[in-house]
Protein chains: 2
Amino acid sequence: MNAPDTPFSAPPLPAALLDALRTDFAERCSTALAVREQHGRDESIFDVPPPQAVVFAETEAEVARVVMLCASHRVPVIPYGAGSSLEGHLLAVRGGISLDVSRMSRILRIDAEDLTVTVQPGVTRKALNEALRHEGLFFPIDPGADASLGGMAATRASGTNAVRYGTMRENVLALRFVAANGDIVRTGSRAKKSSAGYDLTRLVIGSEGTLGVITELTVKVHPLPEALSAAVCFFPSIDAAVRTAMQVIQIGVPIARCELLDTNAIKAVNAHDKLGLKEAPMLLMEFHGSEAGVAEQAAVVQDVAAEFGGEAFEWATTPEARTRLWTARHHAYLSGLQMRPGCRAITTDTCVPISRLAENINASIAEVEAAGLPYFVVGHVGDGNFHMAYLLDPADPQELATAERLSAQMVARAIAMEGTCTGEHGIGLHKQGFLLDETGEEAVAVMRAVKAALDPAGIMNPGKIFAG
Amino acid sequence: MNAPDTPFSAPPLPAALLDALRTDFAERCSTALAVREQHGRDESIFDVPPPQAVVFAETEAEVARVVMLCASHRVPVIPYGAGSSLEGHLLAVRGGISLDVSRMSRILRIDAEDLTVTVQPGVTRKALNEALRHEGLFFPIDPGADASLGGMAATRASGTNAVRYGTMRENVLALRFVAANGDIVRTGSRAKKSSAGYDLTRLVIGSEGTLGVITELTVKVHPLPEALSAAVCFFPSIDAAVRTAMQVIQIGVPIARCELLDTNAIKAVNAHDKLGLKEAPMLLMEFHGSEAGVAEQAAVVQDVAAEFGGEAFEWATTPEARTRLWTARHHAYLSGLQMRPGCRAITTDTCVPISRLAENINASIAEVEAAGLPYFVVGHVGDGNFHMAYLLDPADPQELATAERLSAQMVARAIAMEGTCTGEHGIGLHKQGFLLDETGEEAVAVMRAVKAALDPAGIMNPGKIFAG
């Protein structure tokens, strides 16, 4: 699929820029095709020429050096973390340098008493949790991939724990970033709250690399709960499962995770992870708290589920059983892709007010069934957010067109329901039209004005969020 | 006290502007001195000439009309809600129009199933909670004053419930605001989370009226807890009380409110509200949850308090007793002022990582005791935030100078502790130097660039957050 503003043929990199990068970074500046191609592809379906060079930065000063060199030559800079974005965020649609910060992967400080940690942007969520476990702490944000914290901030990521612990928006206290002019900007502090001026932390979170390169993050972490239990419950219909989730939220149960898998997704994880789960719509839930609190929450949720025909819970009582279930959930996307070998996927990401969720999912399933495309559904239903993956034959442009039509219908419906075209994946290349539909020209004009003010030459990941 | 960039003498309002406003707003455009003076004064200690006119807007379209008229004449617009800000936010340091939105006080929608409400900016927190009570819901953000929601968003307010429910930053889902060019901008949606472009909602929250006039807010509300209990506990020292709060947070108790009053504050509320509380450092706490959950939390906290010499809890078991205690807490500021009749107060607002809180409070008390100024302390200690009010004789410039010196020392210490100069009051006129100290020139330069991009003529509440 062509990206929105391709075909575009970038002029060759200025020789002076490449010379300077090679002088400073030696073998950490690469123009090898394999390296460039690896940095020019994400989980999206776009085909775009790779970046013209890749630079591996190891310090904040090096990030600033690359940005300043590129600024002086007006060459684009595309920050690169784990490469797991879904909407074309890291594609070099205007050419330029992929600035890989994955080697900036040190956990700088764990302040257990304050429930904060400070990390470099290349630290991944799994590496962070591995380090935190020994402290009795965890970091809750868990997009499916083992994404980097810098990338997760840049796309305002969330995942399965957001229903209780919030998203990157709520869990980042402070940042350092390199602005387009090379300035190193500090935002926020380690204080839990602040009214000190514009919220630059939140401005950078979700800005998809278009305002600067994140070089450090201080995030909130949470005490590992005293008690933790996971359960699965199977329902006669998707509708029943979603209505259960809706009611659990509405009555205020502090459920920690509340995930939907449809029958197709169950089949996929059964095949991939040999789980033997009943092939019916399922909620996968987790409860965090004291022993008594967890039992109480679970009892309330069981009552609600029973009202909607949910079968008796199956408990995952051992850590191993829990890990197995949640690993399956995190594999659902890749497992689902394997249901149609060789396919590519378009994954939707609408999020609506919880009262409209069942209606949105039901209508979306009716539409995809009518269209006859293979699909599966997973959802962070406690947040009103779900993903439908359309599994496409890459050789059949008609399937792609059908998926794009279904996706556009779903987004239009979500917006009409006062929801959003993207709960957690971001705009990237794919959803620029939807962003306009959702928030209007006036708001996008404000975004453009902010971008132009902070990056007048337009070198920071240009062409993302909005063309221009 | 002179404001930072006074003396300033605003040119007279252009006659054409005044004529247009009078034509459109008739008696809702006032140049009466009493009205102007009432709109030119807040809870801060600055003496500034009042705004040159006051316009009472009743609709979003009227707000846009005022902004466009003022833009065409390059006259400042100062949004006005309840007038309860503390740092000079609404003072007319460059002259101009006070745009009073307090009559935009309709609750537009209560979406109980989604736990959201949509309000006009002049709705106050008490009016909102009055309306929500019948729905079994509440809105948690509670600055001391009965502030307007528009103003609370503009200053990123919080209050006593923030330790559990967050601040305006976490509780606003969507906004409408009139930008400096008269555009009506929509931000966010009713979805609980979104990755759709720059977070303009959070950019406006805390911007103190410098980027536009908020005309509508959609906020999260919360189910009234099934069970709720309040307790007071007295300690042998401030240090013991604060260390109790620190440990309660560190072990992850989901306490809903955790407020410190020092002996001076207790004396004040005893005198004002005839409470008969023991005159010793006190924690006032509240627990929200199920019956069993509340009992469990309280038991844990009692154990922690006992370790630090806290005397056995006194429970406020009836709603009346709870209301009496919390009303006293909300009156603490005004009660405190009455301890020195005729005084004016400077109130500090530092917030630090919780592990540094005891040290910060202890040092601050040692300094004020050494200086001999009358003071009292109240604190949202669960958040690491506390307020020290210095009670000053307005006729004695030496006292003011002493208070400013103590305040500056406290802020410098909070910043050295990786905290903030303001947890919830904002920058306004008073803390512009502290903002620079805290976040650095690079970050303030970014804020200025954003301001210049969105308000190139500098008409939106000029001179606040940063001069210029």
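Labels below follow one simple rule: chain letters A, B, ... track the order of the sequence lines, proteins then strands, and each chain is numbered from 1. What you see is a predicted model, and the numbers here were worked out from it, not measured in a lab.
- Of the residues considered (A:Val163, A:Ile251, A:Thr167, A:Thr187), A:Val163 shows the highest number of contacts with chain B, using heavy-atom pairs under 4.5 Å.
- Atoms OG and NZ, from A:Ser158 and B:Lys192 in turn, are 9.5 Å apart once rounded to the nearest 0.5 Å.
- Counting heavy-atom pairs closer than 4.5 Å to chain A, the top-ranked of the candidates B:Gly289, B:Ser194, B:Gly166 is B:Ser194.
- To the nearest 0.5 Å, the span separating CG on A:Asp114 from CD on B:Gln250 amounts to 7.0 Å.
- A:His380 touches chain B through its side chain: at least one heavy atom from C-beta onward sits under 4.5 Å away, while N, CA, C and O do not.
- Of the possible donor and acceptor atoms, none in the side chain of B:Asp199 sits under 3.5 Å from a partner among the backbone N and O of A:Leu203.
- For chain B, the option among A:Ala191, A:Gly419, A:Ala157 with the highest count of heavy-atom pairs below 4.5 Å is A:Ala191.
- Classification of A:Asp383 and B:Lys193 as a salt-bridged pair holds, one side-chain N sitting under 4.0 Å from a carboxylate O.
- Interface remark: of the candidates B:Thr439, B:Thr155, B:Ile465, B:Thr439 forms the most heavy-atom pairs closer than 4.5 Å to chain A.
- B:Leu454 and A:Ala449 make their closest contact through CD2-CB, 3.8 Å (heavy atoms, listed as atom of the first residue, atom of the second, distance).
- Between A:Ala196 and B:Leu435 the shortest heavy-atom distance is O-CD1, 3.5 Å.
- Salt bridge status for A:Glu418 with B:Arg109: present, with a side-chain N to carboxylate O gap under 4.0 Å.
- Proximity to chain B involves both the backbone and the side chain of A:Lys451, based on heavy atoms less than 4.5 angstrom apart.
- Looking at A:Leu200, the atoms closer than 4.5 Å to chain B (heavy atoms on both sides) all sit in the side chain, from C-beta outward.
- Between chain B and the options A:Glu208, A:Arg169, A:Glu170, heavy-atom pairs under 4.5 Å are most frequent for A:Arg169.
- Within the 4.5 angstrom heavy-atom criterion, no atom of A:Ala179 approaches chain B.
- In summary, of the residues considered (B:Val446, B:Ile205, B:Thr210), a side-chain contact (heavy atoms from CB on, under 4.5 Å) with A:Tyr198 occurs for B:Thr210 alone.
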Next item on the list: Just do the side-chain hydrogen bond (donor to acceptor under 3.5 Å, both in side chains) check on B:Ser195 and A:Glu424 with the steps written out, would you?
Entry: CA-CA 5 Å; B:Ser195 290; A:Glu424 55 184 18; over 6 Å; no

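- Chain B forms the most heavy-atom pairs under 4.5 Å with one residue out of A:Gly206, A:Ser207, A:Gly252, and that residue is A:Ser207.
- Of all the listed residues (B:Pro223, B:Gly440, B:Gly426, B:Ser355), the one sharing the greatest number of non-hydrogen pairs under 4.5 Å with chain A is B:Ser355.
- No other option in A:Ala445, A:Ala414, A:Pro353, A:Ala443 has as many heavy-atom pairs under 4.5 Å with chain B as A:Pro353.
- Other residues, nucleotides and ligands contribute over 12 non-hydrogen atoms within 6.0 Å of the CD atom of A:Glu226.
- For B:Ile354, the parts lying near chain A are the backbone and the side chain together; criterion is any non-hydrogen pair under 4.5 Å.
- The most heavy-atom pairs under 4.5 Å with chain A, out of B:Thr201, B:Val204, B:Leu211, come from B:Leu211.
- Note: A:Ile184 leads A:Leu115, A:Ile184, A:Thr350, A:Asp111 in heavy-atom pairs under 4.5 Å with chain B.
- For the set B:Gly188, B:Gly197, B:Ser290, the count of heavy-atom pairs under 4.5 angstrom toward chain A peaks at B:Gly197.
- Of the atoms belonging to B:Ile427, heavy atoms from both backbone and side chain fall under 4.5 Å from chain A.
- A distance of 8.0 Å separates CZ in A:Arg356 from CZ in B:Arg190, rounded to the nearest 0.5 Å.
- The backbone N or O of B:Glu438 lies less than 3.5 Å from a partner atom in the side chain of A:Arg186, making a donor-acceptor pair.
- Ranked by non-hydrogen atom pairs under 4.5 Å with chain A, the options B:Cys351, B:Gly384, B:Ala452 are led by B:Cys351.
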